[in-house]
2 protein chains.
Amino acid sequence: MSGESQMAPSSASSSALRPDRARGLHDYLVAGIRDMILKGELEAGARLGEADLCGRFEVSRTPLREALKALSGEGLVLLQPNRGATVAPLDPVRLRDVFEAKGAIEHFIGLNAAVRASDAEIAGLQELHEALVAAEEAEAPQDYTELNEAYHLELARLAGNEELLKTYERLQHNILRARHRINDDPSRVRASLAEHERIMLALTARARLDLAERLVAHNEATAAAVLAKIAV
Amino acid sequence: MSGESQMAPSSASSSALRPDRARGLHDYLVAGIRDMILKGELEAGARLGEADLCGRFEVSRTPLREALKALSGEGLVLLQPNRGATVAPLDPVRLRDVFEAKGAIEHFIGLNAAVRASDAEIAGLQELHEALVAAEEAEAPQDYTELNEAYHLELARLAGNEELLKTYERLQHNILRARHRINDDPSRVRASLAEHERIMLALTARARLDLAERLVAHNEATAAAVLAKIAV
DNA sequence: AGCGTGATTTTTGCATGCAATCTGGAGGTC
DNA sequence: GACCTCCAGATTGCATGCAAAAATCACGCT
């Protein structure tokens, strides 16, 4: 065993709206374990022993097991009957599939968000974009990452399809797992922001094909940057 | 309470490879409840009381609850904390989203299956297609439905992306729920088969754009037929 | 040393029991 | 009659306990 901290979300962890224990352990556990996986505190392939996790979160095995089943459906946990749970592996092959799938959805998002988003929604997205630029200038990588996720998720929401939004979120989560390990380099961040600028222009102009194309290109550029660092 | 049969999968139900109870109750329950939902035996919105389901499957509440959490992740069951589980609603609005999402994936499938499928895989798909035609001529709607699902799922597999394949299957399931209630009319079935013919031609010719276009069109025609019957 | 083989320990799967919450209705008040 | 309030019954949430399965280890064998 490693001599690491056994602490779970002691009190005020980073993510703001963490479900309260008292409101039900299921949501609390799902959010808590998901966070630990997304932040890389639990690495891909790591064993998720029930007794261990029960200790960290101070709950009994019943709600914990239910939470693991739920996370398995999100593709974050791998369940092997009679052999326990592990953090879902994230090899380059799967990551390539994840980026490719996300690309297909980005295409859809571009075609539809350009038509369906209201002016107010576009203004809201613009604010997110500006907050993202501010975070980069302030050199706050933690904020930058969270705002970047929020920006793309909001854009996905503007496409107006609940089903694809859920899938998009799942894929985004699995990418975030990889991204958290690789400290994006500054030059890629600046290039990314420039792409965001062009995305906002296409959206404001409500240019469907243009927006779709830019989103796909942005996804591919991100994929290339992430995969390059992964495949060391 | 209705005076209906309380029987669950007594012995030899229709679906061939049902997980064995002895191999673990989780898979058994997930497959069993999913089947009941997909076949319409449990209608949209129906309450899924734990005691009731425990009685039907002769299991205790612990594995049953775990199965419900898993099915919630598939979009088939709606879980409301402290208020129990219901079969996920399938209103026209959601169904429209499901078809639209599936359309986006069909586009991707067309672009990639045309390039990635091996000759042997195309031949295998051709066999499925011919079995489908045979089922239609034999007027075996049960077989037709199952083969049709298998055909499209196999085509999705040929696109070579595990992530989108899982999503595709989820969406297909939710459509099947609606389709099972509406007894496709024969003229639509024949039109559908004609579309399949053209799909096979495009795939054999490995014509990416053509295949994508035909798959999207097929999806939209199906959507129109299903939605027309739903919105009575 | 390498490799089965069997006992011990650990871990998972499932059932049960109690506490908390929700639901439905009777009775009271305005 | 409409609207609380409170009480039973039913249902869900969670913890615990036992049995089955895997993993670990010790031992003996070739």
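Just so you know, these numbers come straight off a predicted model, no measurement behind them. In the text below, chain A, chain B and the rest are named by the order of the sequence lines, each starting its count at 1.
Between the CG atom of Leu25(A) and the P atom of dT21(C) there is a distance of 12 Å, rounded to whole Å. Atom CG of Leu53(B) is separated from atom P of dA10(D) by 18 Å (rounded to the nearest Å). Summarising the geometry, the separation between NE2 on His26(B) and P on dG13(C) is reported as 9 Å, rounded to the nearest angstrom. Protein atom CG of Leu68(B) is 13 Å distant from nucleotide atom C1' of dT11(D), rounded to whole Å. Across the protein-nucleic acid pair, Glu50(B) atom CD and dT21(C) atom C1' stand 13 Å apart, rounded to whole Å. With rounding to whole Å, Leu64(B) atom CG is found 12 Å from dC14(C) atom P. In this entry the distance linking CZ of Arg65(B) with P of dT16(C) reads 16 Å, nearest Å. The interatomic distance linking Asp52(A) (CG) with dT11(C) (C1') rounds to 12 Å, in whole Å.
Residue Arg83(A) places none of its side-chain N or O atoms closer than 4.0 Å to OP1 or OP2 of dA21(D). At dC14(C), none of the side-chain N or O atoms of Thr62(B) fall inside 4.0 Å of OP1 or OP2 (strictly under the cut-off). Within the structure, a side-chain polar atom (N or O) of Arg47(A) is placed less than 4.0 Å from OP1 or OP2 of dT12(C).
Around atom CD of Gln126(A), more than 12 heavy atoms belonging to other residues, nucleotides or ligands sit under 6.0 Å away. Surrounding CZ of Arg116(A) are more than 12 heavy atoms belonging to other residues, nucleotides or ligands, all under 6.0 Å away.
Nucleotides of DNA chain D nearest to Pro63(A) and Gly49(B) differ in position, and the one nearer the 5' end is that of Gly49(B). A residue-by-residue look at Ala22(B) and Arg21(A) shows that Arg21(A) has its nearest nucleotide of DNA chain D further toward the 5' end.
At least one side-chain heavy atom of Leu165(B) sits less than 4.5 Å from a side-chain heavy atom of Leu153(B).
Across all non-hydrogen atoms, the minimal contact from Arg94(A) to Ala88(A) is NH1-CB, 3.9 Å.
Evaluation of atom-type donor-acceptor distances gives a pair under 3.5 Å for the side chain of Arg61(A) against the base of dG13(C).
Judged by distance alone, with hydrogens and angles left aside, the side-chain atoms of Arg188(B) form no donor-acceptor pair with the main-chain N or O of Ala225(B) at under 3.5 Å.
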